[in-house]
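Quick notes on the structure that follows.
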Amino acid sequence: MPLKIKDIIWIPESGNLEKERKWIEKEIKSTGIKKLQTLSIRASKAKGTAYTPYSKYNVGAALLRKSGKVDEGQNIEVVTYSETGHAEEQAIKNAVSKGAVKEGGRKFIKAIAVSHAKDTAPCGKCRQIIVEFCDNALVIVADSKGTIKRITSIKLLLPYAFTASDLRIK
Ligand code: THU
Ligand code: ZN
């Protein structure tokens, strides 16, 4: 059988994209936009304790657990660069160290807000770390003051992710 190019191209179907848009909308409404706005302001404030002598680019993150608790993080740079902790990563690691997994299991992230000068989304490394701790979650991009610029989902930011279920782990 000749290979059909049409059958092997792997891109999201428009119907699935629309489903995801609806999931995001429903999730925003059920959480409440005010709560997400407050979360974004906390991300912006968390930025204040970033350690960025090399890039001088401060990033703050605040994550909302399913339990309602909030954990914060900010970037912490290391002169050798690759050891630098990103804001989203730090917020998640803070949550785990405070018992988030013990409290609600591995999939504890409901939403994560990130605040910095550019309205861009978390980097690839942070996307993979977010996926480790949820099936899906809102990702909020806020400006440096904490005003929400965009809301998307980790499913959209990291499609076809390699996850725990690929190792048969729930
Ligand atoms: N940074 C984050 O904190 N999160 C990201 O996902 C993107 C990059 C930080 C790392 C570094 O300290 C600075 O932003 C510039 O790259
Ligand atoms: Zn990152």
Side-chain angles (χ1 to χ4, degrees), residues 12 17 20-21 23-24 27-28 31 33 35-66 69-101 104-167 169:
L17 272 176
E20 192 58 17
R21 198 185 62 76
W23 182 86
I24 293 169
E27 197 67 10
I28 294 171
T31 310
I33 190 76
K35 198 179 243 179
L36 298 177
Q37 183 56 74
T38 307
L39 191 73
S40 302
I41 288 169
R42 283 190 68 165
S44 141
K45 289 190 175 148
K47 196 160 72 323
T49 50
Y51 171 72
T52 56
Y54 311 107
S55 74
K56 312 245 188 293
Y57 191 79
N58 290 7
V59 185
L63 90 77
L64 178 64
R65 292 191 213 167
K66 283 181 183 159
K69 288 184 185 156
V70 173
D71 305 275
E72 292 164 355
Q74 49 285 308
N75 48 341
I76 302 172
E77 295 183 344
V78 176
V79 64
T80 41
Y81 297 163
S82 52
E83 289 76 18
T84 293
H86 291 193
E88 303 87 322
E89 174 188 8
Q90 295 297 128
I92 293 166
K93 290 179 179 176
N94 280 338
V96 174
S97 73
K98 283 189 248 155
V101 174
R106 180 170 66 84
K107 298 171 186 176
F108 63 82
I109 303 178
K110 187 166 178 64
I112 184 160
V114 189
S115 161
H116 52 117
K118 300 258 177 215
D119 60 351
T120 50
C123 79
K125 169 173 100 151
C126 290
R127 293 178 196 197
Q128 187 69 43
I129 300 172
I130 295 167
V131 153
E132 183 71 24
F133 297 102
C134 62
D135 281 333
N136 200 5
L138 292 177
V139 178
I140 300 141
V141 180
D143 70 11
S144 55
K145 286 183 179 157
T147 304
I148 295 175
K149 288 291 194 192
R150 306 165 195 279
I151 304 183
T152 184
S153 69
I154 193 63
K155 259 197 185 166
L156 277 178
L157 292 179
L158 196 63
Y160 315 120
F162 186 79
T163 67
S165 64
D166 293 308
L167 300 183
I169 290 166

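Whatever order the structure lists them in is the order used to number ligands and atoms, beginning at 1. For clarity, every value in this text was computed on a predicted model and none was experimentally measured.
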Of all N, O or S atoms in His86, which has the smallest distance to the Zn ion (ligand 2)?
ND1
Is a side-chain donor or acceptor of Thr147 paired with a backbone partner of Asp143 at a separation under 3.5 angstrom?
no
Out of all atoms in ligand 1, which are within 4.0 Å of some heavy atom of Glu77? Include the element for each.
11 (C), 12 (O), 13 (C)
Given 3.5 Å as the limit, does a donor-acceptor pair link the side chain of Glu88 with the main chain of Cys126, or not?
no
Which atoms of ligand 1 are found less than 4.0 Å from any heavy atom of Tyr57?
13 (C), 14 (O)
For ligand 1, indicate whether the residue Cys126 contacts it via side chain, backbone, both or neither (heavy-atom separation under 4.0 Å).
side chain
Backbone of Val78 reached by a side-chain donor or acceptor of Thr84 within 3.5 Å
yes
Does an N or O from Thr52, backbone or side chain, lie closer than 3.5 Å to an N or O of ligand 1?
no
Please tell me if atom 4 (N) of ligand 1 is touched by the protein, where touching means a protein heavy-atom distance below 4.0 Å.
yes
Is the side chain of Arg42 donor-acceptor paired with the backbone N or O of Ala62 at a distance under 3.5 Å, no angle test?
no
Residue-level breakdown please: for Glu89 versus ligand 1, do any non-hydrogen atoms fall below 4.0 Å on the side chain, on the backbone, on both, or on neither?
neither
Out of all atoms in ligand 1, which are within 4.0 Å of some heavy atom of Thr84? Include the element for each.
12 (O)
Rounded to the nearest 0.5 Å, the CG atom of Leu138 sits from the CG atom of Leu39 at a distance of 10.0 Å
Ser144 side chain to His116 backbone, donor-acceptor under 3.5 Å
no
Does ligand 1 come near enough to Cys123 that some N or O of the ligand is less than 3.5 Å from an N or O of the residue?
yes
For Val59, does its backbone N or O pair with a side-chain atom of Asn75 as donor and acceptor, under 3.5 Å?
yes
For atom 14 (O) of ligand 1, the closest protein heavy atom turns out to be Asn75 ND2, 3.5 Å
In terms of atom number and element, which parts of ligand 1 are under 4.0 angstrom from non-hydrogen atoms of Val59?
1 (N), 2 (C), 3 (O), 9 (C), 14 (O)
Is the count of non-hydrogen atoms from other residues, nucleotides or ligands lying under 6.0 Å from Lys149 atom NZ greater than 12?
no
